[in-house]
Each structure stands twice: as C-alpha cells, then as structure tokens.
Amino acid sequence: METMLDKSNTTPTTGVNTVHLGMVGFGTVGTGVYKVLERHPELVFEKIAVRDTQKARQVEGLNADLITADPFEVVRDASVQVVIEVMGGVDIAKNLITEALQNGKHVITANKELIAKHGAELLALANKKNVRLLFEGAVAGGIPIIMPLKLSLAANQVEVMAGILNGTTNYILTKMSQEGWDFETALKTAQEKGFAEADPTNDVDGFDAAYKIAILSSIAFNQSVNPEDVHCEGIRSITAEDIQTADKLGYVIKLIALAKKSADSNPDIRVHPMLVSKHHPLANVENEYNALWVLGDAVGDVMFYGKGAGELPTASAVCADILAVCRGLLKGNDPIPSMTFEYQGSTPLSSIENTTNRYYIQVNTADTPGVIGNLGQACGKHGVSLDSVMQQGTHADGNACIVLLTHEVTEGEMQAALKDIEAQPTTQSIGAMIRVL
Ligand code: HSE
C-alpha cells in the first residue's frame, strides 16, 4: 500500500532551490552528463559510484568526497532524490534501479538492454512508488525519440516504424557502399575509430538494434515487447557486390529495425538488412548517424535524425530526462506525470514466416538455356510473383549471376520457392536474399 512517507521522500509539496543527484557509472556517458549539468547549479551531485576510484576523470573541480566504489551507497543515500544509471550491464543495474525505485527515488537510465529486457517490470514498480523511470538515452543516443513517441505522437496510431538504430553497422554499410570496402575492412576501421567494440557481436548481429526497436514498439503499441522474440539478422553476410547491384537498381542496403502493427494480426517486429529505395528518407542516413521514420495515421510520416551515440549526444538525452524530472521537483510538483508507462500486457509477435515482403534474390547458376524460365517456374509454383529479372553478367567460371526482384509475398512462400531453386541442377548457390523496405 502507498504511504505518505513513500512519496514524501522525493516529492516535496512546495518548491525547493536544489535537487540532489546520485550517479552510478562515470564512463563516457557519465562524464558527458557531469559536464552538461555543470550549467545547472541547482542540480547537486551527492554521490557518484565508479568502478575505479583511482582513475583520473576528464572533468574540472570534481569533489573527491562524492566518489564511492559501492553503487548501492548511491541508491541508499537518503539525500539523493534522482539516480542516474549510466554503468550498463543488466543484473547489477537492475538490482540498483529496483532498490532506488523502492526507496522512492526517480531514476534516469541510458541502459537499453536493461529497459528492453526488464522495462515493463521496472516501470510498474516506478508507477507503484509514484516516481519516474525515464530512458531517453537508451535509444538512438542524442535523438529525441522516447518522449516524442510517448507525448508528441500520442494522438496517432503508429502504423509503421523503420529505424537505422545502430551507428556501427550504418558506418560499416556506408563505407562498403562509398569506398567499395569489404565487411571485414569496414569493421576494422570502425573499431579503429572507436565506433565498434572489440567484440562487435551486439552491433553487427543486430541485437543492439533489436533492444532498441523492442523499447520503441512497447511505447508505440503500449504492449511490452520481449526483445528475445524479435527476429534478428545482422549484416555479416552482406557483400560489396550486393551493395553494388542494389545501387544499380536504385537502392541502398541498410540494417533496418522494423515495427508494424495491423488490427487483425500480431505485431511484426524485426531487425535485418533491407534494400531501401534511394528516394526513401532513410536512404540518406550515412556513417554513424541514426534515424527513425514513423508513419502515424494522423500525422503521416515523420523522421527523427541525429547522432546515436557518443559522450555529449547521449548526455544530451540523459540530461533532458534529468531536467524534466528536476524542474518538477524544484516547483514542488509531481514531476512530468505524462511520462508514466502502463503497458497493456505483452503480445506474441508475428513469426517471420508470416510476414510479407518484397525480396531481392541473387542466384548463381549455370549460364545455360532455360535457366531464367526455371527460376520463374519455381517462383510461380509457390505464388511468388516476379517484378523483374536481371542477368548481372557472367562470372569468370562461366556461371551467371541472376537477380530477381519480387512483388510482395509471405516469407513462407519465398522460402519454399528458394528451396525449389536451390534444388535445381543448374543452381550453384543462392548468393543473397534481402528483403525490400
Ligand atoms: N553501439 C551502438 C551503436 C551505440 O553502434 O549504435 C550504443 O547503443
């Protein structure tokens, strides 16, 4: 049961001059947050938990007495009203945030994996304790997306969202396209430039984007989406040849996080490479930039664009949440009550076999009479209608490279046709199967 005591911890009934902050994590984003908040003398740090208390910090005038190695000191400090979690990881961060919320503190986090996996449970706890849990920094760094989706687009039914939500993969695909590099060269350069981690799995295999689209879909559809249910394919199989062929056809290849909801079917939420028409606004999102394109039933299409990572871009989003909460506290109000999330349960997602797409298929075949006819027959047999068929020249070994573009069909029909194509004696290999946005 809610008590007056629970609320009085953090929700003063009259205005105050200062708000007391605690932060767990003082890495890249934490440093950015500290720097941005230096402009706000009304916001006072009480405690900052760090992994290495001896490490020199890239900020001026830091009071060493604020620093602790124990993150639980921050969430248990009675003077702290707002906890900023920028340490990352799931298990310890979840325990910390749970305890902070239970102690009646507002929480701001940039932790996408945690919010994607446990957001519904933590948000329910925040509602119960009448405190805010905000996470603008968890999706697409500096781009304002969470608050616009929750508040500014609230009058819309979101029909489709398509995002480039991972800067590392967008940088790699841009360089493969513009410089003709192969995947490995582009990945190595991304690592040298600090975009990609030493272990790039989360980025290049699409998991990072899957966490982000799960968070966005939960807000847009008001139903909790489990990131493990999101069908996820990365960009490792994309070749410079695919990119060049797509270019000739008027497309670029992007790693797209897609979410669609129709009244009569389960939400279709997935991450995989897609051919994007050069006329689509997402086609021009290059290098490490991120973007989210949203189609709402009232607004039509809108697009959000900017830097999806980095010290100050991510700090911009985290600090926006901090300021939104602190401005309420300074006035003695319940801070930003419109940013409460009450998801209506969770929902099963459409299986990938039931999704509908247009497809780009590249087949390596023997260059003999009747090959194109056989490909057409295999497609026709499974209800796959072809939009165009092109022979992209002949390989040095005498085999042909044939590209098919289909009309919209289900994934199940396309896979059945591909199985038949693979079984044809003239087929050497299916070189690529890429869905078209
Ligand atoms: N690793 C992410 C990216 C940034 O490359 O976009 C943090 O989400």
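Treat the numbers as computed from the prediction; the structure is a model and nothing was measured. Start at 1 and go down the list; that is how both ligands and their atoms are numbered.
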Should the pair K188-E184 be classified as a salt bridge under the 4.0 Å nitrogen-to-oxygen rule?
-> no

Do E286 and Q178 have side-chain atoms, one donor and one acceptor, less than 3.5 Å apart?
-> yes

List the closest protein heavy-atom neighbour of atom 6 (O) of ligand 1: residue, atom name, distance to the nearest 0.1 Å.
-> G167 N, 2.6 Å

What's the shortest distance from atom 7 (C) of ligand 1 to any protein heavy atom, and which residue and atom give it?
-> K112 NZ, 3.4 Å

Under 4.0 Å from one or more heavy atoms of N166, ligand 1 contributes atoms 2 (C), 3 (C), 5 (O), 6 (O)

Will you find, in the side chains of N364 and Q362, an N or O donor that is under 3.5 Å from an N or O acceptor?
-> yes

Do you see a donor-acceptor pair shorter than 3.5 Å between the side chains of T201 and D199?
-> yes

Which protein non-hydrogen atom lies closest to atom 4 (C) of ligand 1, naming both residue and atom, and how far is it?
-> A309 CB, 3.7 Å

Nearest non-hydrogen protein atom, atom 1 (N) of ligand 1 = D203 OD1, 2.9 Å

K307 atom NZ: more than 12 heavy-atom contacts under 6.0 Å = no

Using a 4.0 Å heavy-atom cut-off, say whether N290 meets ligand 1 through its side chain, its backbone, both or neither.
-> neither

Measuring from the heavy atoms of K212, does anything fall under 4.0 Å of ligand 1?
-> yes

Please write down residue, atom name and distance for the protein heavy atom closest to atom 5 (O) of ligand 1.
-> T168 OG1, 2.6 Å

If we ignore angles and hydrogens, is there a donor and acceptor under 3.5 Å between the side chains of Q58 and T31?
-> no

